2 protein chains.
Amino acid sequence: MENKETFIKKLRSSGLRPTRQRIEICRVLYDRKNTFHFTINDLAGILKKKSNQKVSLATIYNTVFAFKKKNYLKEISINTNKSYFDTNVSNHHHFFNESTDQLIDLKNDDVGKVKIKKKIPGKKIKSVEVLVRISN
Amino acid sequence: MENKETFIKKLRSSGLRPTRQRIEICRVLYDRKNTFHFTINDLAGILKKKSNQKVSLATIYNTVFAFKKKNYLKEISINTNKSYFDTNVSNHHHFFNESTDQLIDLKNDDVGKVKIKKKIPGKKIKSVEVLVRISN
DNA sequence: TTACCTGCAAAGAGTTTGCAGGTAG
DNA sequence: CTACCTGCAAACTCTTTGCAGGTAA
């Protein structure tokens with residue numbers, strides 16, 4: 001559980017002014033015990049329910065992408081039509097349940113070390129992502 | 001290199017009538033030595049160049065998704081705004097060059113075996129996909 | 001002839017952008 | 001006061017759909 005002051009710092013360090021809307025976004029994302037997986041649409045829906053005033057999509061995209069850049073959020077590669085984000089920014093992988101479109105974290109220990117034996121000259125590896133598709 | 005008869009069989013077995021447009025699509029996809037990675041838009045562009053008559057998007061989507069269902073094409077998970085497909089349907093992984101939006105195959109030997117130690121009761125693993133993001 | 005296919009254009013979904021008015025510092 | 005932020009709506013991109021005319025079998 002984080003408090004308002006933490007959110008204000010988080011925002012400032014992302015180069016964002018701590019406005020009412022952005023603090024509400026922080027509350028939804030970080031004021032919880034467990035990892036949170038979401039799409040922009042999910043987030044917009046939750047904000048709409050929680051607060052009386054609506055937060056516009058432009059603001060949500062703006063904040064989410066700033067947080068992604070600051071590594072406060074991670075974007076997950078799934079080729080559905082929408083982007084999925086994860087509040088767990090540590091190095092980990094995912095199950096994607098194709099029956100329900102839901103993401104489940106795989107702890108680091110749940111996946112054996114992935115060895116990439118090939119190198120591409122002049123390129124750096126930015127990340128290694130494992131996606132395990134499951135269904136009922 | 002495959003010939004027209006092969007394409008006609010491929011189409012028929014996908015439940016598609018072998019029309020001029022679809023045979024042209026087959027030529028672009030399969031009449032080549034190497035694996036081909038593409039987006040729908042790429043494919044539309046190539047078809048436009050190669051043939052005098054244009055093949056409509058509806059037909060391209062229709063054919064590509066029928067081929068995907070038949071396992072003649074593989075869809076690759078990258079969270080850009082578009083879908084990537086691969087004519088290499090074997091079990092393999094990818095580099096994704098973030099600087100150029102290009103995909104590169106990783107041969108099976110290039111990636112150590114990926115062990116998934118966690119199981120989800122009642123769910124089956126459909127696939128395990130590794131995406132290695134690289135950049136300049 | 002019948003069922004399927006094509007091209008077009010419109011509709012949808014998700015995302016991005018421009019701008020006039022509002023707010024943090 | 002100034003720079004940044006907000007909401008709105010329009011614009012964009014990719015994808016899907018409806019339909020009238022065309023084609024494989």
Side-chain angles (χ1 to χ4, degrees), chain A residues 4-5 7-26 28 37-48 51-70 73 75-85 101 103, chain B residues 4-5 7-28 37-48 50-70 73 75-85 101 103:
Chain A
K4 193 166 167 179
E5 286 311 309
F7 298 148
I8 292 179
K9 274 182 204 156
K10 200 166 261 218
L11 286 163
R12 286 235 166 80
S13 92
S14 306
L16 299 176
R17 284 186 181 168
T19 61
R20 174 187 65 79
Q21 292 86 337
R22 287 170 173 169
I23 290 170
E24 277 172 24
I25 291 173
C26 284
V28 173
H37 296 119
F38 64 98
T39 63
I40 295 288
N41 196 46
D42 295 337
L43 182 50
I46 293 169
L47 285 165
K48 202 173 175 181
S51 57
N52 312 335
Q53 296 157 74
K54 181 188 164 192
V55 181
S56 86
L57 272 182
T59 303
I60 298 175
Y61 275 97
N62 172 340
T63 306
V64 165
F65 282 98
F67 281 178
K68 181 190 164 188
K69 200 170 283 175
K70 264 289 171 178
L73 285 175
E75 191 170 3
I76 299 165
S77 281
I78 309 172
N79 59 347
T80 60
N81 49 341
K82 45 198 154 202
S83 295
Y84 281 78
F85 296 88
D101 273 20
L103 276 169
Chain B
K4 193 166 167 179
E5 286 312 309
F7 297 149
I8 291 178
K9 274 181 204 156
K10 198 165 263 219
L11 285 163
R12 286 234 166 82
S13 91
S14 305
L16 299 175
R17 284 184 180 167
T19 61
R20 173 185 68 76
Q21 292 85 338
R22 287 170 172 170
I23 289 169
E24 278 172 23
I25 291 174
C26 284
R27 283 219 173 85
V28 173
H37 296 118
F38 64 98
T39 63
I40 296 287
N41 196 47
D42 295 336
L43 182 50
I46 294 169
L47 285 165
K48 202 172 177 182
K50 279 209 173 179
S51 58
N52 311 336
Q53 297 158 73
K54 181 188 163 192
V55 180
S56 86
L57 271 182
T59 303
I60 297 175
Y61 274 97
N62 172 339
T63 306
V64 165
F65 282 98
F67 281 178
K68 181 191 165 187
K69 199 170 284 176
K70 265 288 172 179
L73 286 175
E75 191 169 2
I76 300 165
S77 280
I78 309 173
N79 58 349
T80 60
N81 49 339
K82 45 198 154 200
S83 295
Y84 281 78
F85 296 89
D101 272 20
L103 276 168

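Everything numeric in this text was worked out from a predicted model, so none of it was measured.
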Kindly indicate whether the side chain of A:Y84, heavy atoms from C-beta on, has any atom under 4.5 Å from the side chain of A:D101. yes
Check whether any side-chain N or O of A:T39 sits under 4.0 Å from OP1 or OP2 of C:dG14, and answer yes or no. no
Rounded to whole Å, please give me the gap between CG in A:N62 and C1' in C:dT23. 15 Å
Can you see if the side chain of A:Y61 gets near the phosphate of C:dT16 - specifically, an N or O under 4.0 Å from OP1 or OP2? no
Quick one: B:F38 CZ to D:dC14 C1', roughly how many Å, whole number? 15 Å
Run B:N79 and A:I76 through side chain to side chain contact (heavy atoms under 4.5 Å, CB included) and show every step you take. CA-CA 7 Å; B:N79 58 349; A:I76 299 165; 5.7 Å; no
For A:V55, run the side chain to side chain contact (heavy atoms under 4.5 Å, CB included) check against A:K48, A:R22, A:Q21 and tell me which one passes. A:Q21
Quick one: on DNA chain D, does B:A58 or A:G15 contact a more 5' nucleotide (nearest heavy atom)? A:G15
Rounding to a whole Å, what distance do you find between B:R17:CZ and D:dA24:P? 9 Å
Would you kindly give the CD-to-C1' distance between B:Q21 and D:dG22, to the nearest whole Å? 10 Å
Salt bridge present between A:E5 and A:K9 (N-O < 4.0 angstrom): no
Does a nitrogen or oxygen in the side chain of A:R12 sit under 4.0 Å from OP1 or OP2 of C:dG25? yes
Between atom CD1 in B:I60 and atom C1' in C:dC5, what is the gap in whole Å? 14 Å
When you check the phosphate oxygens OP1 and OP2 of C:dT6, does a side-chain N or O of B:S56 lie under 4.0 Å from one of them? no
When the rotation axes relating C1' atoms of four end pairs to the next four are compared across the helix from C:dT1-D:dA25 to C:dG25-D:dC1, five pairs an end, they differ to 10° by 30°
Any A:R20 side-chain N or O less than 4.0 Å from OP1/OP2 of D:dT6: no
In whole angstroms, the gap separating P of D:dG7 from CD of A:E24 amounts to 9 Å
Checking all strands, does B:L16 fall into the base, sugar-phosphate, or nothing category for heavy-atom contacts under 4.0 angstrom? sugar-phosphate
To the nearest 0.5 Å, tell me how far B:T63 OG1 sits from B:E24 CD. 11.0 Å
Using a 4.5 Å cut-off on heavy atoms from C-beta on, say whether the side chain of B:L73 contacts that of B:F65. no
Have A:T59 and A:N62 got a donor and an acceptor in their side chains that come within less than 3.5 Å? no
Looking only at C:dT6, C:dG25, D:dT15, the nucleotide nearest the B:R22 side chain is C:dT6
Using the side-chain heavy atoms of A:V55, tell me which of these nucleotides is nearest: C:dT15, D:dG7, C:dG25. D:dG7
In whole angstroms, the gap separating C1' of C:dG7 from CG of B:L47 amounts to 14 Å
Using a 4.5 Å cut-off on heavy atoms from C-beta on, say whether the side chain of B:K82 contacts that of B:I40. no
Identify each atom pair where a protein N or O and an N or O of nucleotides 10-13 of chain C are less than 3.5 Å apart, giving names and distance.
none

How many whole angstroms separate atom NZ of B:K48 from atom P of C:dC8? 11 Å
Given C:dT6, is OP1 or OP2 found less than 4.0 Å from the side-chain N or O atoms of B:T19? yes
Is there a side-chain contact between B:P18 and B:R12 in this structure, where contact means two heavy atoms from C-beta onward sitting under 4.5 Å apart? yes
Taking C-beta and beyond as the side chain, do B:V28 and B:K50 meet within less than 4.5 Å on heavy atoms? yes
